[in-house]
Amino acid sequence: MTKPDILAMPKVHPLYLQALQAAYTVHSYNPDGDVLAFSALAPRVIGLAAGGESVVPGALLAKLPALKVVSVFGVGYDGIEVQAAIDRQVPVTHTPDVLTDDVADLAIALVLSVARTLPQADQHVRNGRWPAGALPLGRKVSGARMGIVGFGRIGKAIARRAAAFDMSIAYTARSEKPESGFAYYPTAAQLAANVDFLVVITPGGQATRHLINAEVLGALGSKGYLINVARGSVVDESALIEALESGVIAGAALDVFANEPHVPEALWHMPNVVLTPHMASATHQTRQAMADLAFANMQAGTSGQPLLTPVPECRAAWSI
Ligand code: NAP
């Protein structure tokens, strides 16, 4: 029996692909590939598999008349033109919740790494420099003030962890969450002016582009640290480099960048910066859970069953 055809965007995670290949004939999408072969395939494609960093424009969706679902492996879906999908009656799904713990864990790891200079400490020992002297002192984390930009699933999980470090917690988001009991600031600049560690965990996309700009970094100040686990687009990277070079802020820890996988060389050599390669959800356990959920959404969407985790815009559009 022939398996139904689906299309996979470039760089879809291997665990997700593996699950898909058992149930579907999976075709890899190549934007520069054979146009005639794609035209022959396109009318048969009933599912589109994407990743959190995939770019899926409306023009691609328009070429897939039989498409029933776009299933994203990732909670962020800022590269998917969701309104174009809704206009074509195609729901988009993502993988919220299953990665929340890992991303919150990494945010705290980055806070500790940059404040306690863990990368430098490791190098100090490995490079045999310990006998020659001690490292410069770090910055205490317990009891410090944490500000969280974006207070959704992951932002709240970061707050729970920070509370265990006796940190005071404040946040900004589009709307206040009085039930949290934490201080709310309506803007990122106001929040930054009142914290030691500013952790960014909003979605990407146009609405949050450069939400963290020179003004916010100035407000964070020369003793403040920026931690970004959201999307590279949320931080004005040029303004950040300038702020780090001129001592406007004390340091930064970054998991995400404007032009991944390329990281500005200016950041490579800064001693007050910790850099990780967009790995906040990269554990065996979580990537498997994401693959399972993305696959279950694909199966539900292609077989007309209720979707497990449609994105909020689709839930609102169809009251699902
Ligand atoms: P979520 O539950 O939807 O929370 C998003 C939060 O951001 C909400 O509090 C929301 O405010 C706030 N927000 C949205 N737009 C905003 C704006 N324009 N200004 C200020 N705040 C805004 O999402 P989540 O599950 O916590 O995930 C958040 C993001 O983390 C994802 O979208 C993704 O980009 C990123 N992420 C990164 C990694 C990584 O590997 N580094 C992994 C997973 C996720 P309201 O509550 O008022 O709506």
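Below, all heavy atoms of this structure are taken into account, side chains as well, without hydrogens, waters or symmetry copies. Remember, it's 1-based here, ligands and their atoms both numbered in the order they're listed.
- The N/O atoms of Val103, backbone and side chain alike, include none that comes under 3.5 Å of an N/O atom in ligand 1.
- Residue contacts with ligand 1 for Arg231 involve side-chain atoms from C-beta outward but no N, CA, C or O (heavy atoms, distance under 4.0 Å).
- A side-chain donor-acceptor contact under 3.5 Å links Thr95 to the backbone of Gly74.
- Between the side chains of Gln83 and Asp87, at least one donor N or O lies within less than 3.5 Å of an accepting N or O.
- Counting the atoms of ligand 1 from 1 in the order shown, those under 4.0 Å from a heavy atom of Ala207 are 18 (N).
- Below 30°, between 30° and 60°, or above 60°: for Phe182 and Phe151 the angle between ring planes is above 60°, a perpendicular geometry.
- Protein heavy atom closest to atom 9 (O) of ligand 1, with residue, atom name and distance, is Phe151 N, 2.8 Å.
- Using a 3.5 Å distance cut-off with no hydrogens or angles, the side chains of Lys140 and Ser142 do not pair a donor with an acceptor.
- Judged by distance alone, the side chain of Thr172 and the main-chain N or O of Tyr185 form a donor-acceptor pair under 3.5 Å.
- For the pair Asp101 and Arg160, the salt-bridge criterion is not met [side-chain N within less than 4.0 Å of a carboxylate O].
- Taking the six-membered ring where tryptophan is involved, the planes of Phe295 and Tyr24 are perpendicular, since the angle between them exceeds 60° and thus also 30°.
- The nearest protein atom to atom 29 (C) of ligand 1, hydrogens excluded, is given as Thr202 O, 3.4 Å; this is a heavy-atom distance.
- Residue Asp78 places no N or O, backbone or side chain, under 3.5 Å from any N or O of ligand 1.
- At the shortest separation from atom 26 (O) of ligand 1 among protein heavy atoms lies Ile154 N, 2.9 Å.
- Only side-chain heavy atoms of Lys177 come within less than 4.0 Å of ligand 1; its backbone N, CA, C and O stay farther off.
- No N or O atom of Thr172 sits closer than 3.5 Å to an N or O atom of ligand 1.
- For atom 37 (C) of ligand 1, the closest non-hydrogen atom on the protein side is Val229 O, 3.0 Å.
- Atoms of ligand 1 lying under 4.0 Å from any heavy atom of Val256, numbered from 1 in the order shown and given with element: 41 (N).
- When hydrogens are left out, the protein atom nearest atom 48 (O) of ligand 1 is Arg174 NH2, 2.8 Å; that is the closest non-hydrogen contact.
- Here Tyr184 and Tyr171 bring their ring centres to under 6.0 angstrom of each other.
- In this structure, Arg161 pairs ionically with Asp105, as a charged nitrogen and a carboxylate oxygen lie closer than 4.0 Å.
- Counting atoms of ligand 1 from 1 in the listed order, those under 4.0 Å from a heavy atom of Thr208 are 15 (N), 16 (C), 17 (C), 18 (N).
- Inclusion of Leu211 in the set of residues having an N or O under 3.5 Å from an N or O of ligand 1 is not warranted.
- For the pair Thr100 and ligand 1, the shortest N or O to N or O distance does not fall below 3.5 Å.
- Between Leu99 and ligand 1, no pair of N/O atoms sits closer than 3.5 Å.
- From the protein, the heavy atom lying nearest to atom 1 (P) of ligand 1 is Arg153 NH2, 3.6 Å.
- Using a 30° and 60° split on the angle between ring planes, Tyr77 and His94 fall in the perpendicular class, above 60°.
- Heavy-atom proximity to atom 35 (C) of ligand 1, evaluated over Gly76, Ala230, Ala188, Ala280, is greatest for Ala230.
- When heavy-atom distances to ligand 1 are checked against a 4.0 Å cut-off, Ile201 comes that close through both its backbone and its side chain.
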